[in-house]
Peer 1: 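Sharing a structure here in structure tokens format.
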Protein chains: 2
Amino acid sequence: MASQQDLFDTLAQVARALGNGHRLALLERLAQSSAAVETLATATDLSIGNASQHLQQLRRAGLVTASRLGKQMIYRLTDERIVNLLGLLRQVAETNLAEMERLVSQLFAEDDASGALEAVSSRELLASLERGKVALLDVRPEDEYRAGHLPEAINIPLEQLEAMLDSLPRDKEIVAYCRGPYCALSHEAVQRLRQLGYRVRRFEEGYPEWKAAGLPVM
Amino acid sequence: MASQQDLFDTLAQVARALGNGHRLALLERLAQSSAAVETLATATDLSIGNASQHLQQLRRAGLVTASRLGKQMIYRLTDERIVNLLGLLRQVAETNLAEMERLVSQLFAEDDASGALEAVSSRELLASLERGKVALLDVRPEDEYRAGHLPEAINIPLEQLEAMLDSLPRDKEIVAYCRGPYCALSHEAVQRLRQLGYRVRRFEEGYPEWKAAGLPVM
DNA sequence: CCAATATTCTATTGATCCATTGAATTAACT
DNA sequence: AGTTAATTCAATGGATCAATAGAATATTGG
């Protein structure tokens, strides 16, 4: 007979799968798009073997699935709600763990120093987009952009930022976004564009959160 | 300088705190009401020392806080959203982990065998309550009931069920609830009341979920 | 101040987890 | 078939975790 404790134990297995920074990084990458082991390994700075092992733990916990495509093994999230789950975990951690706040403010320190304005919220961004007031800039790598992006967003991967400035409108404010609230790409982009004189702010979330909230994507 | 990985590592610490069945049981109990270590230990079948250790891990992860009240140490959840977090974890696990489904269906097996109807959803319950169609029965221990309960709910702790049948209306359908979807109390109550000829169903969630959803409590 | 109670701290043991390495599998290409 | 590339499997040592028991610390009431 199943007891309540058995259920908690099983639930705990899932939580334990989330209990490793590398696995959280893998999940963030997977939230952008499904990907092969090698892609995931380089995105997260893990050896292929190590990445594979972590992915299998995530699979055992029911958080990702794998399917073979030729030589490659393609992993994907099993469930859109995993993005919500991670977002909620983040919120709880940020409000209740001093250490978390400290790290976040460190990550934002450069922005503040350079006088960057506050990040743009989902609601604000949605309103601005509807009124055509802002241009959206996706600074993620091209493959992630192609797998899905915010409506009307221009893609300039961060490495090519200076080379592709022509694509950016000069007359509108620009909102840059990337993988999520902890992704460094859009921070970096905002800094560099500000120095070039652009009016630019950061979207406080990322593509996966936008999509998981049920907002329109392309 | 803080890196993204530091943030994931810190986030992982919080997830790891959720990665133990006993700690999840402690959190479920804490979701009912704040409580002293001894209360929590007996509710979860842990030794006091062991419970204390787990509680301190939860505290380090920012999930609970403690304050002294005389000789006792009272623990409470730091954040209402932890209930949502656990609920979402549960949903993800139930949809994507076969083992989970198996255990849940085992827990529900008795109900099905005894011909009990499906559990009542929040939405359905809210509608029924507004129309005065059902009577609510809270089968949790009295102290949890006193710390908060659904509006108009009658409290009959499970042990006193047969002794206090007078409090139950005979003309309405009864909806029994307890601590949450995995709590055995309301299952047991439904079974016993059905054998006595009552029309009774189970609320599929519990008091904490109802409260965390922002629905009215007393 | 002393005794009783509630809880936490410390130390220990066994279990589990993590990263790394190299061998083994699987599928595509020639 | 044999070679190569992508991934998984298996085994290792070091680190962290869980449970238990007993000592230590606060708090209340005499």
Side-chain angles (χ1 to χ4, degrees), chain A residues 5-6 8-27 29-30 33-61 63-76 99 143, chain B residues 3 5-6 8-27 29-30 33-76 99 143:
Chain A
Q5 196 55 48
D6 294 332
F8 282 137
D9 288 343
T10 309
L11 216 46
Q13 286 176 23
V14 180
R16 218 170 15 243
L18 300 173
N20 177 285
H22 295 308
R23 285 196 289 272
L24 292 180
L26 285 167
L27 288 175
R29 175 57 186 78
L30 282 170
S33 73
S34 54
V37 178
E38 191 185 359
T39 313
L40 294 167
T42 52
T44 53
D45 251 315
L46 292 171
S47 73
I48 296 201
N50 200 186
S52 169
Q53 302 233 57
H54 281 304
L55 287 166
Q56 277 168 72
Q57 282 194 51
L58 291 172
R59 183 152 65 156
R60 276 194 293 274
L63 297 171
V64 308
T65 53
S67 57
R68 196 174 261 292
L69 184 76
K71 280 188 261 199
Q72 302 190 109
M73 208 62 165
I74 307 292
Y75 280 85
R76 71 190 70 239
E99 169 74 0
D143 59 327
Chain B
S3 75
Q5 195 55 49
D6 294 332
F8 282 137
D9 287 344
T10 310
L11 217 46
Q13 285 176 22
V14 180
R16 216 165 23 237
L18 300 174
N20 176 286
H22 294 310
R23 285 196 288 272
L24 292 180
L26 284 167
L27 288 175
R29 176 56 186 79
L30 282 170
S33 74
S34 55
V37 179
E38 191 185 358
T39 313
L40 295 167
T42 51
T44 53
D45 251 317
L46 292 171
S47 73
I48 295 200
N50 199 187
S52 169
Q53 301 232 57
H54 282 304
L55 287 166
Q56 279 167 70
Q57 284 195 49
L58 291 172
R59 183 152 64 158
R60 276 194 293 274
L63 297 172
V64 308
T65 54
S67 56
R68 196 175 264 290
L69 184 76
K71 279 186 258 198
Q72 301 191 108
M73 208 62 165
I74 307 291
Y75 280 85
R76 70 190 71 238
E99 168 74 0
D143 58 328

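Chain naming here is simple, since letters A, B, ... match the order of the sequence lines and numbering starts at 1 in each.
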Peer 1: Between B:Q57 and A:K71, just flag the one whose closest nucleotide in DNA chain D comes earlier from the 5' side.
Peer 2: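 Looking at DNA chain D, the more 5' nearest nucleotide goes with A:K71.
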
Peer 1: Using whole Å, report how far CG of A:L55 lies from P of D:dC9.
Peer 2: 12 Å

Peer 1: Among the nucleotides D:dT8, C:dT20, D:dA6, which one has an atom lying closest to any side-chain atom of A:Q53?
Peer 2: C:dT20

Peer 1: Expressed as a whole number of angstroms, how long is the span from B:I74:CD1 to D:dA26:P?
Peer 2: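 To the nearest whole Å, that distance equals 19 Å.
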
Peer 1: With heavy-atom distances below 4.5 Å as the criterion, would you say the side chains of A:L46 and A:L26 are in contact?
Peer 2: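 Yes, close enough: below the 4.5 Å cut-off.
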
Peer 1: For D:dC17, does OP1 or OP2 lie under 4.0 Å from any side-chain N or O of B:H54?
Peer 2: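 Looking at the OP1 and OP2 atoms of D:dC17, neither is under 4.0 Å from any side-chain N or O of B:H54.
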
Peer 1: Over how many whole Å does the gap from A:L26 atom CG to C:dC18 atom C1' extend?
Peer 2: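 Atom-to-atom, A:L26 to C:dC18, this comes out as 14 Å.
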
Peer 1: Would you mind reporting whether A:L27 and A:R23 have side-chain heavy atoms less than 4.5 Å apart?
Peer 2: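 A:R23 does not reach A:L27 side chain to side chain.
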
Peer 1: Tell me which one of B:L63, B:L40, B:L58 satisfies side-chain contact (heavy atoms from CB on, under 4.5 Å) with B:Y75.
Peer 2: B:L40

Peer 1: Taking for each residue the nucleotide of DNA chain C bearing the nearest heavy atom, is the 5' side occupied by A:R23 or by B:Q72?
Peer 2: B:Q72

Peer 1: Can you tell which of D:dT8, C:dT7, D:dA19 lies closest to the side chain of A:V37?
Peer 2: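 It is D:dT8.
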
Peer 1: Nearest-Å distance, CG (B:L40) to C1' (C:dT7)?
Peer 2: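 Going from B:L40 (CG) to C:dT7 (C1'), I get 12 Å.
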
Peer 1: Nearest-Å distance, CG (B:D9) to P (D:dT16)?
Peer 2: 12 Å

Peer 1: Where each residue is assigned the nucleotide of DNA chain D containing its nearest heavy atom, which of A:R59 and B:L69 is assigned the position nearer the 5′ end?
Peer 2: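 On the 5' side of the pair lies A:R59.
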
Peer 1: Can you pull out how bent the helix from C:dC1-D:dG30 to C:dT30-D:dA1 is, comparing the axes over its first five and last five pairs, to 10°?
Peer 2: 20°

Peer 1: Measuring to OP1 and OP2 of C:dC18, would you say a side-chain N or O of A:N20 lies under 4.0 angstrom away?
Peer 2: yes

Peer 1: Check whether any side-chain heavy atom of A:N50 lies under 4.5 Å from a side-chain heavy atom of A:H54, and answer yes or no.
Peer 2: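 They are in side-chain contact.
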
Peer 1: Under 4.0 Å: is that the gap between some side-chain N or O of B:S52 and OP1 or OP2 of C:dT8?
Peer 2: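 Answer is yes, contact under 4.0 Å.
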
Peer 1: Return the value, rounded to whole Å, for the distance between atom CG of A:N50 and atom P of D:dT7.
Peer 2: 15 Å

Peer 1: Can you check whether A:V37 reaches A:Q72 side chain to side chain, under 4.5 Å on heavy atoms?
Peer 2: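 Sidechains of A:Q72 and A:V37: no contact.
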
Peer 1: Considering only NZ, NE, NH1 and NH2 on the basic side and carboxylate oxygens on the acidic side, decide whether B:R29 and B:D143 come within less than 4.0 Å.
Peer 2: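 Yes, this pair counts.
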
Peer 1: Once you round to the nearest 0.5 Å, how far does CG of B:D6 lie from CG of B:L11?
Peer 2: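 The CG atom of B:L11 is 12.0 Å from CG of B:D6, to the nearest 0.5 Å.
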
Peer 1: Atom CD of B:Q13 and atom P of D:dT16: how far apart are they, to the nearest Å?
Peer 2: 11 Å

Peer 1: Does OP1 or OP2 of C:dA6 have a side-chain N or O of B:Y75 closer than 4.0 Å?
Peer 2: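 For C:dA6, neither OP1 nor OP2 has a side-chain N or O of B:Y75 closer than 4.0 Å.
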
Peer 1: Nearest-Å distance, CZ (B:R68) to C1' (D:dT28)?
Peer 2: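 Roughly 11 Å, once rounded to whole Å.
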
